[in-house]
Amino acid sequence: TYRVRFMPDRLGEWTYRTESSAPALDGQTGTFSCIPATAGNHGPVKVRGTFHFAYADGSPYRQIGTTSYAWIHQTRELQEQTLETLAASPFNKMRMCVFPKDYVYNQNEPELYPFLRDDEGENDYTRFDPAFWHHLEKRVLDLQKLGIEADIILFHPYDRWGYAEMDDDTDDFYLRYALARLSAFRNVWWSLANEFDFMQHKEPSDWDRIYEVIYRNDPYGRLRGIHNGRVWYDHTRPWVTHASIQSSDFARIEEHRQEYRKPVVFDECRYEGNIKEGWGNITAREMVDRFWKGTVAGAYVGHGETYQHPEDILWWSKGGVFHGESPERIAFLKGFMEQAPEEGIEPLAPGVGGRDGEYYLHYFGEESPRGLTLELPSYALFEVTVIDTWNMEKKTLPETVLETATVALPGRPWMAVQVRRVDLEFPAEPVVIDSNGILFLEEKVVTLRHKSHPRIYYTLDGSAPTEESTLYE
């Protein structure tokens, strides 16, 4: 059975004609109809506004990722448990490998392999195992049904089966096959490698070649990133869509944003857990703190968990269930991210992110202030919410704020304050609406009212509006 996968990007009737070296497949023709998307189908994720993401229908995509490298290589029962855990989680992206993994806490043999193998366990690099690829596709679709992007890791160094040592021709053959099978799935992202620089059988130039193979063979332009160990890839290159970073240095976020001019995703900032390895034993508080720091700085952060388990079932590689305290607190943060402007949170000042004049999110981390003085635009009313990020408590002030206010805080760490514009307020006298203006051209302008100005006049040239100016209707 031959299948052609295709994701149309326009509604209506389509026609096709096949070309193939196999006579039975050459010259086949037909038609099909592309109908409107069903509920919940927002299309693939793309970059929007330089530093952020959005679905194809314009809906915002606010990345909250997690990692379970080898979850598809575990028992079917454990895989189903992983999906149940994800369904109740805040995560909307899963980093996952095509190839099985051989590493500490990862010694089990998978049920299926990407290539067919003989009785001695030797790979036949000319023949793929359809059963494996059917299974991978099923898991990608399972994630899609949960609204989760599948960040497919194409290569990694932790290998005992020979996949990390394939030659260039085999690499390219494998890539073209993976692209043909998976690129039409709307929730697929491509991660060229996990810790690419640890792959001893590849030169730096190999990654440029691999990027080119993906770029040329993926007709849909899925998102493309590459994850580092100690050496960073040059994310400024045009075929890189976003900077996938392993780092705990959140003080450099703005540096990365300005250098790469792309979304910055801290896919790995160490893992919540208690194993002896230093990369896997930060506390839940540290993990939550990093999510908040990254968010207000205009970046995105990824979760992972590595708690000791008698059967070595650690979420970071095998999935299963969460044992840590960060996921529910990340879900709490997600609720505030969803109240932010659709265009994304931009850094406004150290510890403050948002959109000036519209939305502000202050995060204090380990600091314990007793209050926060707000100086806000005079043309808007703002709702202020005090947030305890660890105890997951929030309190919205009973009165909206205009221009200035001092917000009392409890003097303990892990606090935040959300300031959200809820209405526009006209002053007693006419004002110039500036070019950044929230007041003219926005639909929300219809909410403007002032008892002494029942009519609204505006200008677009910077001059003061009068009753002779254009009337807003």
Side-chain angles (χ1 to χ4, degrees), residues 63-97 100-108 110 139 142-143 146-151 153 156 158 194-195 227 246-248 265-295 300-335 337 365 388-393 413-414:
Q63 194 271 177
I64 303 179
T66 189
T67 293
S68 189
Y69 288 120
W71 77 279
I72 68 165
H73 298 285
Q74 310 311 311
T75 65
R76 302 300 173 103
E77 180 182 10
L78 186 55
Q79 292 177 49
E80 293 300 325
Q81 186 180 56
T82 300
L83 290 168
E84 291 176 8
T85 300
L86 288 170
S89 81
F91 302 116
N92 58 17
K93 190 185 81 172
M94 174 72 118
R95 297 178 64 234
M96 51 188 281
C97 298
K101 185 171 184 174
D102 177 48
Y103 193 55
V104 61
Y105 313 110
N106 289 262
Q107 303 300 322
N108 58 301
R139 290 316 186 198
D142 288 336
L143 294 176
L146 297 176
I148 296 173
E149 304 294 297
D151 197 355
I153 299 170
H156 68 78
Y158 305 108
N194 182 65
E195 297 177 336
H227 173 274
Q246 176 180 187
S247 175
S248 300
V265 184
F266 281 73
D267 275 317
E268 184 179 343
C269 62
R270 298 173 65 191
Y271 301 121
E272 176 190 353
N274 60 3
I275 59 175
K276 66 181 185 297
E277 289 79 10
W279 46 263
N281 55 25
I282 68 171
T283 66
R285 287 181 187 267
E286 288 178 283
M287 178 62 74
V288 174
D289 177 59
R290 291 172 188 195
F291 264 83
W292 278 87
K293 283 179 177 176
T295 297
Y300 298 91
V301 185
H303 159 272
E305 186 183 286
T306 48
Y307 282 98
Q308 290 181 331
H309 187 278
E311 299 177 35
D312 286 346
I313 301 175
L314 283 64
W315 173 266
W316 131 94
S317 192
K318 296 182 179 179
V321 299
F322 297 133
H323 299 280
E325 298 180 281
S326 66
E328 61 180 324
R329 290 166 173 83
I330 295 169
F332 184 66
L333 165 62
K334 184 179 182 180
M337 294 173 69
D388 185 326
T389 67
W390 180 253
N391 292 313
M392 296 180 289
E393 297 173 350
W414 321 121

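The figures that follow rest on heavy atoms only: side chains count, while hydrogens, waters and symmetry mates do not. Quick caveat: nothing in here was measured; it's all calculated off a predicted structure.
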(message) Met96 vs Leu143, test: side chain to side chain contact (heavy atoms under 4.5 Å, CB included). Steps then yes/no.
(response) CA-CA 11 Å; Met96 51 188 281; Leu143 294 176; 3.6 Å; yes

(message) Pair Thr295, Met337 - check side chain to side chain contact (heavy atoms under 4.5 Å, CB included), show working.
(response) CA-CA 8 Å; Thr295 297; Met337 294 173 69; 4.1 Å; yes

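Under the side chain to side chain donor-acceptor pair (under 3.5 Å) criterion, Ser326 pairs with Glu272, not counting sequence neighbours.
The line from CD of Glu286 to SG of Cys269 is 9.5 Å long, rounded to the nearest 0.5 Å. Atom OG of residue Ser247 and atom CD of residue Glu268 lie 10.0 Å apart, to the nearest 0.5 angstrom. Once rounded to the nearest 0.5 Å, the distance linking OG1 of Thr283 with CG of Asn274 reads 11.5 Å. The CZ atom of Phe332 sits 6.5 Å away from atom CH2 of Trp292, with the distance rounded to the nearest 0.5 Å.
Here the shortest heavy-atom pairing between Tyr307 and Gly324 reads CE1-CA, 3.5 Å. For the residue pair Arg95 and Thr67, the shortest heavy atom distance occurs at NH1-OG1, 3.0 Å. Considering all non-hydrogen atoms of both residues, His323 and Glu305 come closest at N-OE2, 2.6 Å. Across Tyr105 and Ile275, no two heavy atoms sit closer than the pair OH-CB, 3.5 Å. Between Trp390 and Ala284 the shortest heavy-atom distance is CH2-CB, 3.7 Å. Considering every non-hydrogen atom in both Gln63 and Val301, the closest pair reads NE2-O, 3.3 Å.
Defined by atom type and a distance below 3.5 Å, a donor-acceptor pair is missing between the side-chain atoms of Tyr158 and Asn106. The closest side-chain donor-acceptor pair between Lys318 and Gln74, if any, does not fall under 3.5 angstrom.
Contact of the Val265 side chain with the Lys93 side chain is registered, since non-hydrogen atoms from C-beta on lie closer than 4.5 Å. Looking at heavy atoms from C-beta onward, Lys101 lies in side-chain contact with His156 at the 4.5 angstrom threshold. For the pair Ser317 and Tyr103, the minimum side-chain heavy-atom distance is 4.5 Å or more. Side-chain contact between Met94 and Trp71: present, with at least one pair of heavy atoms (C-beta onward) separated by less than 4.5 Å. Contact annotation: the side chain of Leu333 never approaches that of Val288 to less than 4.5 Å [non-hydrogen atoms, C-beta and beyond]. At a threshold of 4.5 Å between non-hydrogen side-chain atoms, the residues Arg285 and Trp414 count as touching. Side-chain contact check for Thr306 versus Glu277: every heavy-atom pair is 4.5 Å or farther apart.
Within 6.0 Å of CD on Gln107 lie more than 12 heavy atoms contributed by other residues, nucleotides or ligands.
Results of the ring pair (Phe, Tyr, Trp, His ring centres under 6.0 Å) test with His303 over Trp316, Phe91, Tyr271 single out Phe91 as the only residue that passes. Applying side-chain contact (heavy atoms from CB on, under 4.5 Å) to Leu86 and the options Asp142, Thr66, Asn92 leaves one that passes, Thr66. A side-chain contact (heavy atoms from CB on, under 4.5 Å) with Val321 holds for exactly one of Ile313, Leu78, Thr85; it is Thr85.
Salt-bridge annotation for Glu80 and Arg139: present, with a side-chain N of the basic residue lying under 4.0 Å from a carboxylate O of the acidic one.
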